[in-house]
Amino acid sequence: MVYLYDSPLGPISYEWDGEACQHVWLERLDAVNHHDPVSAWLDGYFQGESAALPLLAKPATDFQGKMRAGLLDIPPGEVRTYGDIAKVLSTSPRAMGQALGANPLPILIPCHRVIAADGLGGFSCGLAWKKKLLKFERGF
DNA sequence: CCATTCATAGCCT
DNA sequence: AGGCTATGAATGG
C-alpha cells in the first residue's frame with residue numbers, strides 16, 4: 001500500500017506492504033498518512049536523528065546491495081563523490097550513477113549524499129530535493 | 001582554463 | 001545484446 005508522509009522539506013510517498021518498504025517517491029501521491037516503521041524513521045530523520053532503518057525491499061541486484069552498504073557507511077552530514085564510492089566498491093563511477101538512479105528508496109538509502117566530483121550530480125526525483133536534503137543535513 | 005572525447009561497468013528495453 | 005547514463009580523467013584548443 002502507498003502512504004503519504006508530509007515532511008518539513010516536502011511531501012514523500014512510500015509503498016509499505018506491512019513488512020518492508022518497497023518504494024519511495026519524493027512527491028505527493030494520492031495516498032493517506034499512516035503510522036509504520038517508515039514514518040517513524042522519517043520522524044527521526046527530520047529531527048536530526050539517524051535511527052535504525054525499517055526493513056527495506058531486497059536489493060534488486062547484488063551490486064545494489066553493496067552500493068546500499070556503501071552509502072549507509074557515509075557519516076551523516078557528509079558527502080562523497082561518485083568516484084569515491086566507486087573506488088570503495090571497486091567499480092566505475094558511471095555504474096554508480098546507474099545504480100543510484102535505479103535505487104527505488106531515496107532518502108532511506110542516502111543516495112542524496114553522493115555528488116559528482118565537481119558539481120551536485122543528479123537525483124532521480126529532482127535536484128531540488130537533493131539540495132534541500134543536503135542543506136538540511138549540513139545544519140542550514 | 002574551457003570544451004570534447006574516451007574509458008568504464010552496471011542498468012533498462 | 002545494445003544503448004544509455006546521477007562520472008571522471010585525459011586530451012586538445
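Because only heavy atoms are used, hydrogens play no part in the values below, and waters and symmetry mates are left out as well, while side chains stay in. Quick note on labels: first sequence line is chain A, next is B, and so on, each numbered from 1.
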With A/H34 via side-chain hydrogen bond (donor to acceptor under 3.5 Å, both in side chains) - residues at least two apart: A/D36
5'-to-3' dot-bracket of DNA chain B (Watson-Crick, G-U; under 3.5 angstrom; crossing pairs as [ ]; | other strand): |||||||.|||||
Cluster companions of A/V2 among Ile, Leu, Val, Met, Phe, Trp, Tyr (side-chain spacing under 4.5 Å): A/W25, A/L29
Close residues, residues 58-73 of chain A, relative to DNA chain B [heavy-atom separation under 4.0 Å]: A/T61, A/F63, A/Q64
Below 3.5 Å, can you tabulate the donor-acceptor pairs from side chains in residues 62-81 of chain A to any protein atom, sequence neighbours excluded?
{"residue": "A/R68", "atom": "NH1", "partner": "A/A57", "partner atom": "O", "Å": "3.2"}
{"residue": "A/R68", "atom": "NH2", "partner": "A/A57", "partner atom": "O", "Å": "3.0"}
{"residue": "A/T81", "atom": "OG1", "partner": "A/D84", "partner atom": "N", "Å": "3.0"}

Residue pairs, two or more places apart or on separate chains, that pass ring pair (Phe, Tyr, Trp, His ring centres under 6.0 Å) and touch residues 102-130 of chain A: none
Residues forming a side-chain hydrogen bond (donor to acceptor under 3.5 Å, both in side chains) with A/Y5, sequence neighbours excluded: A/D43
Hphob cluster co-occupancy, A/L4 + A/L9, side-chain heavy atoms under 4.5 angstrom: no
OP1 or OP2 of B/dG10 under 4.0 Å from side-chain N/O of A/T91: yes
Within residues 10-33 of chain A or reaching into it, pairs that qualify as salt bridge (Lys or Arg N to Asp or Glu O under 4.0 Å) - sequence neighbours excluded: A/D6-A/R28
Of all pairs that satisfy salt bridge (Lys or Arg N to Asp or Glu O under 4.0 Å), the ones with a partner from residues 110-132 of chain A, not counting sequence neighbours: A/R113-A/E137
Counterpart residues, ring pair (Phe, Tyr, Trp, His ring centres under 6.0 Å), relative to A/Y45 (two or more places apart): A/W41, A/F136
Letter per nucleotide, 5' to 3', of nucleotides 6-13 of chain C [B base touched, S only sugar-phosphate touched, - untouched; heavy atoms, 4.0 Å]: BBS-----
Distance, nearest 0.5 Å, that separates CD1 of A/I12 from CD1 of A/I107: 4.0 Å
